[in-house]
Trainee: 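Below are the structure tokens for one structure; questions will follow.
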Amino acid sequence: DSGVTQTPKHLITATGQRVTLRCSPRSGDLSVYWYQQSLDQGLQFLIQYYNGEERAKGNILERFSAQQFPDLHSELNLSSLELGDSALYFCASSPQGGVGEQYFGPGTRLTVT
Amino acid sequence: GQSLEQPSEVTAVEGAIVQINCTYQTSGFYGLSWYQQHDGGAPTFLSYNALDGLEETGRFSSFLSRSDSYGYLLLQELQMKDSASYFCAVGGSTLGRLYFGRGTQLTVWP
């Protein structure tokens, strides 16, 4: 158990819908990362927050957005969902946000039908 | 851009030693990490090399050569529970974002 929690564990929704994935980092970690893992794209970095502010952006679609709240939990919002958005979404956290060990949550498996 | 190359599959028997290689091309380099992922599970950190040389943690060792843009993960005394996917990942800046390879599926046979 990494100490990072993610909800929900599974999510099934229809195309065109909007969903919110939630992540609570390890106690004391200031940085949160979101990754998407799919069979064809592998594990891809989406976005990083540090102490409430966006710090780095990867291949995140405009239909996706995220935020980190004052209590440091983070949410990833996915809208106008397409079949291709079906994937495992992982949240990770680290103490300061530099390179080195990142602690991954159990993931949310999103299925878009 | 960033690219990381690692073998897609490796097989070995219990008790053996296996080496998983990773070559990378990145515009910035801030260390090479290795993660283990069991089917359906979360990636778990194994090791991190910022400088050239070998880092040893129990049965696992990791090596980095920055001049060759190359690293490897060495797994010794293989156990059945080591069957998993292994990912190399490069830090492309000091910010912490990681670029992951496509993963190497390790199968350990009894």
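Chain A is the first sequence line, chain B the second, and so forth, proteins listed ahead of strands; every chain is numbered from 1. Note that the coordinates shown come from a computational prediction; the quantities given were computed from them, not determined experimentally.
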Trainee: Check whether any side-chain heavy atom of B:P43 sits under 4.5 Å from a side-chain heavy atom of A:L43, and report yes or no.
Mentor: yes
Trainee: Atom CG of residue position A:L83 - does it have more than 12 heavy atoms of other residues, nucleotides or ligands inside 6.0 Å?
Mentor: yes
Trainee: Which residues satisfy the side chain to side chain contact (heavy atoms under 4.5 Å, CB included) test with B:Q105, sequence neighbours excluded?
Mentor: B:E9, B:S85, B:T107
Trainee: So how far is it from A:L88 CG to B:Q37 CD, rounded to the nearest 0.5 Å?
Mentor: 7.5 Å
Trainee: With no hydrogens and no angle check, is any side-chain donor or acceptor of B:Y35 less than 3.5 Å from a backbone partner on A:Q102?
Mentor: yes
Trainee: Report whether B:L75 and B:F63 are members of the same hydrophobic cluster (ILVMFWY, side-chain heavy atoms less than 4.5 Å apart, transitive linking).
Mentor: no
Trainee: Give the minimum heavy-atom separation between B:A42 and A:G105, together with the two atoms involved.
Mentor: CB-O, 3.0 Å
Trainee: What part of A:Q37 is in contact with chain B, defined as an atom under 4.5 angstrom from a non-hydrogen atom: side chain, backbone, both or neither?
Mentor: side chain
Trainee: Within a strict 4.5 Å, meaning less than it, do heavy atoms of the A:Y35 and B:F100 side chains meet?
Mentor: yes
Trainee: More than 12 foreign heavy atoms under 6.0 Å from CZ of A:R109: is that the case here?
Mentor: no
Trainee: Same cluster or not: are A:L76 and A:L61 linked, directly or through other Ile, Leu, Val, Met, Phe, Trp or Tyr residues, by side-chain heavy atoms under 4.5 angstrom apart?
Mentor: yes
Trainee: How many angstroms lie between atom CD of A:Q44 and atom CG of B:L98, to the nearest 0.5 angstrom?
Mentor: 12.5 Å
Trainee: With a 4.5 angstrom heavy-atom cut-off, which part of A:L46 approaches chain B: side chain, backbone, both or neither?
Mentor: neither
Trainee: Taking A:F45's backbone N and O only, do any of them form a donor-acceptor pair with B:R97's side chain (distance below 3.5 Å, no angle check)?
Mentor: no
Trainee: What part of A:D40 gets within 4.5 angstrom of chain B, counting heavy atoms only: side chain, backbone, both, or neither?
Mentor: backbone
Trainee: Above 12 or not: heavy atoms from other molecules or residues under 6.0 Å from CD of B:Q79?
Mentor: yes
Trainee: Is the CG atom of B:D39 crowded by more than 12 outside heavy atoms at less than 6.0 Å?
Mentor: no
